[in-house]
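Reviewing the structure listed below.
Worth saying up front: this structure is predicted, and the values here are computed from it rather than measured. The analysis underlying the following values was restricted to heavy atoms, covering all of them including side chains, and did not include hydrogens, waters or symmetry mates.
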Amino acid sequence: MKKHHFRIGLIAMIPVVMFSCKKDGENTNISKPLTIIGQSISDTILPKKDASGNSIPLKGTMLAGKTYHIMSDVTINAGDTVYVQPGVKVLIHGDGLSPETSPAIYVNGTFVSQGTKDAPNWFTIYETSTVQKSNSTYKDDAVNDPAYKGYWGGFQCGKAADLLLLRWTHVEYTGGPWGANAADYGAKPGDPRYAVYMNRASGFSKLILEDSWFFGSKDDCIGKCENTYVSIMRNTFNKLGGQGGEGVNLKSHTFGDMAYNLSYGIATNGLKTAGTDGVNTLVNIYNNTLVNCGFRQTKATRNGSINTETNTGGFIYNNIIVNCKQGLRISYQSEKGKPSDTLNTSYGHNLTCIGRGTVMGPADQYMLFIEPNQFTLKQAGDLNGYTNGVIAANGTNAGTNNPNDSLKYDPMFTNYDVAKNSIGKEYRNSVIPAGADFHLKAGSPAIGAGVYKGGTGANAMPSKPTAPVLMQYGFPMTILGAAKPTEFDAVITGPNKDLGAFPTDNSGNQHSY
């Protein structure tokens with residue numbers, strides 16, 4: 001497929017360049033001018049109304065350092081762009097009680113939030129006496145934790161949407177209910193809205209989520225995107241899904257990469273792909289770290305870490321899975337899905353650790369290295385306590401899990417004690433401990449265990465010549481990347497020689513906790 005290029009017209013630069021000149025031999029520091037697209041959005045109460053009281057569609061540039069208040073639904077028309085400069089805070093006035101009181105941002109054109117590490121952007125709730133935020137005392141309380149209340153409606157990208165790009169951006173407390181327009185977005189009235197939904201009518205929309213934080217959602221966070229090119233890189237997903245829901249749930253005709261993400265305390269899966277029979281969906285899932293996922297979902301066959309279902313495939317390598325309900329699943333059969341696209345799937349070099357060190361009985365919830373009777377097999381480069389069984393005629397195997405092998409595969413995080421955080425029911429705790437650091441200590445079995453460009457032998461980049469569609473898209477994919485990326489392109493980090501989202505060369509996830 002041809003690569004789509006994003007074009008922006010009417011870009012003006014603020015004609016101010018800050019610099020400092022020093023004596024000969026010293027550096028000159030020049031700051032990059034801020035981008036403005038269209039007109040500046042100076043009104044801080046949105047949306048503006050016309051003389052008849054109707055909401056005026058939004059376009060133009062939200063200005064650095066400003067705080068904006070969204071009082072009701074905001075719409076970006078097809079062909080229009082909203083650009084958010086660094087350091088913007090957007091407060092949504094919602095309570096999650098009805099569609100009318102749970103504003104959403106409807107994107108039919110382009111929406112770009114260009115935060116930076118030093119000046120991130122925020123899309124969060126306006127706090128009141130009745131609309132309150134979560135805190136660290138809510139460890140495992142899906143009923144009362146405000147993280148799962150669904151106060152506002154998220155970013156709903158319509159059938160003409162071109163691009164949603166969120167970079168160094170916080171998105172919090174989504175999941176407000178759908179109303180009468182639900183069917184236009186593949187939902188039913190009353191269903192919770194996802195933080196991000198995207199489904200273009202023809203061709204492909206582009207979804208770029210980089211270096212951002214997603215906290216608190218009632219159901220799926222990145223939910224059921226279709227007809228989409230994706231690059232989901234170096235993000236943190238935390239406290240997503242109340243009694244069910246995925247961190248990321250990508251659907252039919254979706255292509256791209258998910259890498260260097262931390263998924264912590266997700267109701268069901270941290271990362272999931274599940275398409276439609278006869279429709280290709282290929283997403284590479286690599287160098288992610290997933291912790292404490294899957295335990296708020298009580299329905300059977302829903303996994304708990306990384307899951308692929310109906311006709312989806314991709315390269316799945318270099319991931320670390322700790323204290324999740326189950327490890328990687330290449331599905332043969334699930335409650336709602338049919339088999340994964342095993343022809344166009346290649347996987348291995350994934351570490352799965354169960355910190356309990358003892359068999360978990362019915363009073364607890366089982367943690368499995370690999371779920372038996374699915375397509376998943378332990379590969380030569382994997383680190384987990386699973387023994388493959390006899391492969392049946394349908395390609396599944398009934399292997400066995402050895403809980404006594406659990407702590408043998410401790411990835412040895414810099415500041416996160418896997419054994420300590422497994423005692424009792426700590427595996428259900430969805431709060432990331434203050435000061436946690438998921439980089440790898442010297443001696444970690446995850447160091448040098450990955451596949452990467454330039455690797456040789458067991459560390460060589462995988463290929464699967466028998467899967468031409470898989471090989472066509474590559475690892476990583478280049479659909480949204482560019483040799484010299486602009487601020488409107490994806491910045492793709494390729495596979496690392498270390499496993500997980502926080503490799504020792506510090507090239508991956510840049511978040512601190």
Side-chain angles (χ1 to χ4, degrees), residues 1-13 31-38 61-62 64 76 78-86 88 107-121 155 157 160-169 171 196 198 200 203-214 222 225 227-235 248 250 253-261 282-287 314-315 453 472-496 501 507-511:
M1 296 183 181
K2 294 182 178 179
K3 183 176 178 181
H4 290 249
H5 296 276
F6 178 56
R7 296 179 174 86
I8 293 181
L10 300 177
I11 298 180
M13 296 295 187
S31 64
K32 181 182 177 181
L34 296 178
T35 301
I36 294 180
I37 297 178
T61 299
M62 291 184 170
I76 296 94
D80 288 344
T81 295
V82 169
Y83 181 91
V84 186
Q85 292 179 346
V88 168
V107 182
N108 297 307
T110 291
F111 191 100
V112 175
S113 175
Q114 196 66 255
T116 66
K117 187 173 185 178
D118 295 330
N121 293 334
F155 296 89
C157 300
D162 184 21
L163 170 68
L164 175 66
L165 189 157
L166 305 177
R167 181 171 283 132
W168 289 104
T169 297
V171 178
V196 173
M198 180 171 277
R200 192 174 174 93
F204 289 85
S205 295
K206 296 172 282 293
L207 177 62
I208 300 174
L209 308 177
E210 293 184 351
D211 303 296
S212 292
W213 300 260
F214 297 86
I222 315 304
C225 298
N227 302 317
T228 304
Y229 292 145
V230 301
S231 180
I232 301 174
M233 292 268 164
R234 305 176 300 276
N235 304 289
V248 179
L250 302 177
H253 227 198
T254 299
F255 301 87
D257 301 281
M258 293 193 284
Y260 298 96
N261 302 293
L282 297 176
V283 180
N284 299 322
I285 305 172
Y286 62 93
N287 277 103
F315 289 98
K453 186 176 181 179
Q472 170 192 342
Y473 283 95
F475 180 31
M477 296 189 191
T478 58
I479 294 169
L480 291 178
K484 294 182 179 180
T486 71
E487 59 182 321
F488 306 106
D489 294 309
V491 179
I492 297 172
T493 305
N496 195 277
S507 65
N509 194 305
Q510 300 297 303
H511 292 171

Measure across Val88 and Asn121 and return the closest heavy-atom pair with its distance rounded to 0.1 Å.
N-OD1, 2.8 Å
Spatial distance of atom CG (Leu480) from atom CD1 (Ile208) [nearest 0.5 Å]:
5.0 Å
Contacts of Arg167 that satisfy salt bridge (Lys or Arg N to Asp or Glu O under 4.0 Å) - sequence neighbours left out:
Glu210
Output, in order, the C-alpha distance, side-chain angles, deciding distance and verdict of side-chain contact (heavy atoms from CB on, under 4.5 Å) for Leu165 and Lys206.
CA-CA 8 Å; Leu165 189 157; Lys206 296 172 282 293; over 6 Å; no
With side-chain contact (heavy atoms from CB on, under 4.5 Å) as the test, would you mind laying out the steps for Leu250 and Thr228 before giving the verdict?
CA-CA 9 Å; Leu250 302 177; Thr228 304; over 6 Å; no
Are the side chains of Pro495 and Phe315 in touch, meaning some heavy atoms are under 4.5 Å apart?
no
Minimal non-hydrogen separation, Met233 against Val491, with atom names:
CG-O, 4.1 Å
Ile232 CD1 to Ile285 CD1 distance, which is reported to the nearest 0.5 Å
9.5 Å
Within this structure, what is the CG-NZ distance for the pair Asn496 and Lys453, rounded to the nearest 0.5 Å?
14.0 Å
Please work out which of the three classes, parallel, tilted or perpendicular, describes the rings of Phe475 and Tyr286, given edges at 30° and 60°.
perpendicular
For Cys225 and Leu207: C-alpha separation, side-chain torsions, deciding distance, then whether side-chain contact (heavy atoms from CB on, under 4.5 Å) applies.
CA-CA 9 Å; Cys225 298; Leu207 177 62; 4.2 Å; yes
Taken in chain and number order and not counting sequence neighbours, the residues that satisfy ring pair (Phe, Tyr, Trp, His ring centres under 6.0 Å) with Phe111 are Phe123, Phe155
Would you confirm whether Ser212, through its side chain, and Trp168, through its main-chain N or O, come within 3.5 Å as a donor-acceptor pair?
yes
Work out which heavy atom in Phe488 is nearest to a heavy atom in Leu163; give both atom names and the distance.
O-CD2, 4.4 Å
Are Ile36 and Gln85 packed together at the side-chain level, in the sense that at least one heavy-atom pair is separated by less than 4.5 angstrom?
yes
Would you name the heavy atoms of Ser205 and Met198 that are closest together and state the gap between them?
CB-SD, 3.2 Å
As an exercise, state the distance from CG of Asn261 to CD1 of Ile222, rounded to the nearest 0.5 Å.
9.5 Å
Smallest heavy-atom separation, Asp162 atom then Thr110 atom, equals CB-OG1, 3.7 Å
Verdict with supporting geometry, Met477 and Asn284, side-chain contact (heavy atoms from CB on, under 4.5 Å):
CA-CA 8 Å; Met477 296 189 191; Asn284 299 322; 3.5 Å; yes
Is a side-chain donor-acceptor pair under 3.5 Å present for Thr35 with Glu487?
yes
Classify the angle between the aromatic ring planes of Phe255 and Tyr473 as parallel (below 30°), tilted (30 to 60°) or perpendicular (above 60°).
parallel
Starting at OG1 of Thr61, measure out to CG of Leu34 and round the result to the nearest 0.5 Å.
10.0 Å
I'd like to know if the side chain of Asn235 reaches the main chain of Asp211, judged simply by a donor and an acceptor atom lying under 3.5 Å from each other, with no hydrogens or angles considered.
yes
Nearest heavy atoms of Tyr260 and Asn509, plus distance in Å
O-ND2, 3.1 Å
